[in-house]
Chemist: 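Sharing a structure here in structure tokens format.
Lettering follows sequence order; numbering is per chain, from 1. Just so it is clear, the values below take in all heavy atoms, side chains as well, and ignore hydrogens, waters and symmetry mates.
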Number of protein chains: 2
Amino acid sequence: MTAAANQNGRRATASRRLERAGIRDVAAAAGVSITTVSDALNGKGRLPDETRSRVREVAERLGYRPSAAARTLRTGRSGLIGLTVTTYGEEPFTFTEFAYFAEMARAATSAALGRGYALVVLPASSRHDVWSNIALDGTVVIDPPDQDPLVTELYRSGVPVVSDGKPGNCPVTAWVDNDHEAAVLGILEHLSEAGARRIGLLTGTSTDTYTRLSTEAYLAWCDRVGQEPVYEAYPAHDPAAGAVAADRLLARPDRPDAVYGLFDPNGTDLLAAARRYGLRVPDDLLLVCCSESDVYANTEPPITTLSLKPRRIGTTVVNLLIDAIEGVDAGSGSVPGRLFPPRYRTAGTGPPPGTLMPTELIVRASSQRRSPRTTVSPPRPPGEV
Amino acid sequence: MTAAANQNGRRATASRRLERAGIRDVAAAAGVSITTVSDALNGKGRLPDETRSRVREVAERLGYRPSAAARTLRTGRSGLIGLTVTTYGEEPFTFTEFAYFAEMARAATSAALGRGYALVVLPASSRHDVWSNIALDGTVVIDPPDQDPLVTELYRSGVPVVSDGKPGNCPVTAWVDNDHEAAVLGILEHLSEAGARRIGLLTGTSTDTYTRLSTEAYLAWCDRVGQEPVYEAYPAHDPAAGAVAADRLLARPDRPDAVYGLFDPNGTDLLAAARRYGLRVPDDLLLVCCSESDVYANTEPPITTLSLKPRRIGTTVVNLLIDAIEGVDAGSGSVPGRLFPPRYRTAGTGPPPGTLMPTELIVRASSQRRSPRTTVSPPRPPGEV
DNA sequence: CGTCCTTGGAGAAACGTATCTTCGACGTTC
DNA sequence: GAACGTCGAAGATACGTTTCTCCAAGGACG
């Protein structure tokens with residue numbers, strides 16, 4: 001009596017008949033060992049093609065699906081990647097950068113799936129048990145705050161972490177970010193060239209990297225060109241506060257003749273505020289805001305936006321993470337076939353490798369003074385998306 | 001020599017020192033058995049509080065994190081819920097209902113996390129190996145097409161499936177949907193009351209439930225009130241096609257004086273088309289579209305929208321699914337403490353339980369004539385909704 | 001003819017947890 | 001004083017894979 005029959009016997013004794021077919025059932029049905037089944041299905045080992053295809057066929061017939069849990073336990077790899085987003089208050093996701101986040105998450109999901117991984121969304125504030133209840137091969141963190149305890153713990157326990165947004169003070173495997181300084185400088189320059197004399201900024205009160213770097217770049221620019229800074233800051237996670245801040249900015253005695261809004265809804269809010277004050281855009285007020293939404297192509301007038309290219313970011317972040325997971329960088333010439341693939345670790349001393357990605361300024365009517373063709377534009381200008 | 005020391009010895013011999021602490025290490029450090037550790041940490045068994053807290057403390061000190069994979073394997077539960085969205089063509093997610101999807105996914109994630117589950121996003125078209133590589137306790141499916149093979153297989157293998165959108169012809173554990181018929185009828189009635197004489201529809205060419213039910217309701221209404229149907233259908237997943245279809249609809253010789261657009265961008269597109277043809281909204285053209293976006297509160301004029309209340313849907317779907325997973329419904333008085341919790345199965349004969357949820361019409365300027373006196377009372381449909 | 005290499009495959013040991021079963025010790029009760 | 005219930009905890013097993021190790025058979029080759 002073969003061992004396969006033995007095990008099958010045990011199985012039949014111990015449990016019901018309705019259970020899902022396991023690898024043992026396939027082995028028994030094909031008359032081979034479970035080793036052979038595993039090798040055949042995974043394309044490993046040295047097996048003649050005939051055996052391989054026969055086993056595959058039997059497995060198919062039995063509707064065999066390998067247990068992901070068992071595989072994960074044995075392999076140490078779950079094929080799961082966490083996508084963590086910092087939460088403001090009660091809401092599970094960031095509200096303000098929502099379009100950005102949605103696009104980024106979409107691209108990240110796509111990229112992960114393309115490499116055989118799946119994404120699981122986990123707010124940073126989740127109860128701890130949810131976190132440790134899930135086997136994660138690595139994590140993407142969006143805009144981690146300074147000293148993020150979650151990131152620190154993950155990193156310490158050997159889980160690769162790649163952050164979207166240059167991390168303040170927590171250790172990550174790698175990070176990706178836009179070149180916010182260059183972006184702000186580019187916009188300020190663009191507005192200046194369009195004739196702006198006093199450029200205002202609508203910014204946020206939170207301390208995330210994006211807000212901080214952008215604001216600092218603005219202040220530095222003001223300092224350099226000798227303009228007095230004109231800005232209003234508001235809690236970006238509060239959807240109502242933006243309109244108020246926009247209003248405040250345009251109500252100032254030193255009213256700017258051009259404004260850059262750091263957050264997605266700012267364009268709409270500024271436009272509404274301008275209308276309220278009888279300011280014409282772009283004649284009296286030049287407008288640019290940072291947004292991924294294409295509604296600004298159809299506003300009256302269309303508003304120039306800065307796109308952070310979230311899809312590119314999401315793809316890059318995920319690919320970096322998976323590279324780290326799969327040890328592309330950490331090889332150190334280890335024994336190839338050993339049980340545990342080497343955990344990724346940074347080289348040791350230096351800061352984590354960061355990647356800066358360019359942004360894209362989509363110039364529309366709101367930031368151009370002299371538009372000789374003020375006629376109503378045709379339905380779809382082909383050049384723009 | 002205790003068994004714990006034995007096991008620890010084996011462990012130390014077999015592997016490096018840098019590995020994560022396992023339950024055995026905790027047991028050894030606390031001087032108890034692994035049974036006791038497991039019971040202490042999970043709040044099970046009969047242990048005095050003193051032992052419990054001591055074990056917990058040791059576990060904490062060692063930075064012990066239970067292995068999710070092992071727990072899943074043993075328990076049969078992963079705490080993971082799939083969120084599947086049907087894909088149109090190459091894109092990983094539905095484009096047209098994007099705001100809907102984003103909101104719904106957000107609510108679903110929230111609801112799942114609130115009950116200790118996490119969501120993993122899996123396009124229906126994913127390579128099969130990704131699917132079977134993940135241990136899912138259940139799946140939410142958004143708008144499954146007829147005869148969806150994926151849903152069928154999942155259902156057959158005993159994984160609970162709850163669909164958002166009444167399923168065409170595939171077996172699901174339960175489903176949730178809006179009352180699309182009532183919604184469309186409500187809108188048509190609303191437009192009629194605002195003075196519309198000929199109501200047009202902008203609809204899609206795909207066969208999903210939403211499109212089908214809404215269109216049928218429109219046609220039935222037309223039939224009942226004796227209006228000739230005026231509609232244009234376009235591939236809703238193509239973002240550019242919507243503008244063309246809107247244009248086509250307003251260019252017809254039998255141009256409607258009111259339009260309902262089934263998809264999110266229709267409002268913008270219709271507004272642009274109306275402007276192109278010199279039609280004033282709402283004076284010459286009443287406008288309503290189905291959207292979750294709040295940009296329509298700020299368009300010129302603001303556009304009346306139908307909200308499907310995606311957050312409510314997402315929450316409901318997830319709660320139904322988790323109920324099914326946890327066997328709220330399928331108890332059948334089984335032995336309480338047995339190894340495998342009973343898999344959920346439908347009662348047997350009847351159709352799966354469905355829940356219809358109301359929609360919400362957010363009335364704005366685009367669907368209200370300015371002079372209420374000119375309102376012509378339309379042929380009232382008999383109130384059999 | 002013995003040795004060595006290659007092919008094809010079987011055995012068995014993990015992976016780390018949860019839980020079922022068992023077992024001693026210690027009152028309690030009749 | 002013996003049977004009994006309860007408390008506290010240890011032992012052992014199974015969850016379903018993957019993979020390391022090893023073995024048998026059959027040429028090839030000296």
Chemist: Taking the minimum atom-to-atom distance to the side chain of A:L73, which one of C:dC15, D:dG8, D:dT17 wins?
Modeler: C:dC15
Chemist: Heavy atoms from C-beta onward define the side chain here; which of C:dT19, D:dG16, C:dA10 lies closest to that of B:R74?
Modeler: C:dT19
Chemist: Please report, rounded to the nearest Å, how far the C1' atom of D:dG16 is from the CG atom of A:L41.
Modeler: 13 Å
Chemist: Name the closest nucleotide to the B:S67 side chain, picking from C:dG8, C:dT17, D:dT19.
Modeler: C:dT17
Chemist: For the side chain of A:Y64, starting at C-beta, report the closest nucleotide among D:dT17, C:dT17, D:dA9.
Modeler: D:dT17
Chemist: Reckon B:S38 has a side-chain N or O less than 4.0 Å from the OP1 or OP2 of C:dA18?
Modeler: yes
Chemist: Would you kindly check whether a donor in the side chain of B:T35 faces an acceptor in the base of C:dT19, or vice versa, at under 3.5 angstrom?
Modeler: yes
Chemist: Looking across every strand, which nucleic acid part, if any, lies under 4.0 Å from A:R46 by heavy atom: base, sugar-phosphate, or nothing?
Modeler: base
Chemist: So for atom CD, which belongs to B:E50, do other residues, nucleotides or ligands contribute more than 12 heavy atoms lying within a distance under 6.0 Å?
Modeler: yes
Chemist: Nearest whole angstrom, please: distance from the P of C:dA10 to the CZ of A:R24.
Modeler: 16 Å
Chemist: Whole-Å distance between D:dT17 C1' and A:R65 CZ?
Modeler: 16 Å
Chemist: Roughly, in whole Å, what's the span from CZ in B:R71 to C1' in C:dC15?
Modeler: 15 Å
Chemist: A:E50 CD to C:dT7 C1': how many Å, rounded?
Modeler: 14 Å
Chemist: At under 4.0 Å between heavy atoms, what does A:D39 touch on the DNA or RNA strands: base, sugar-phosphate, or nothing?
Modeler: base
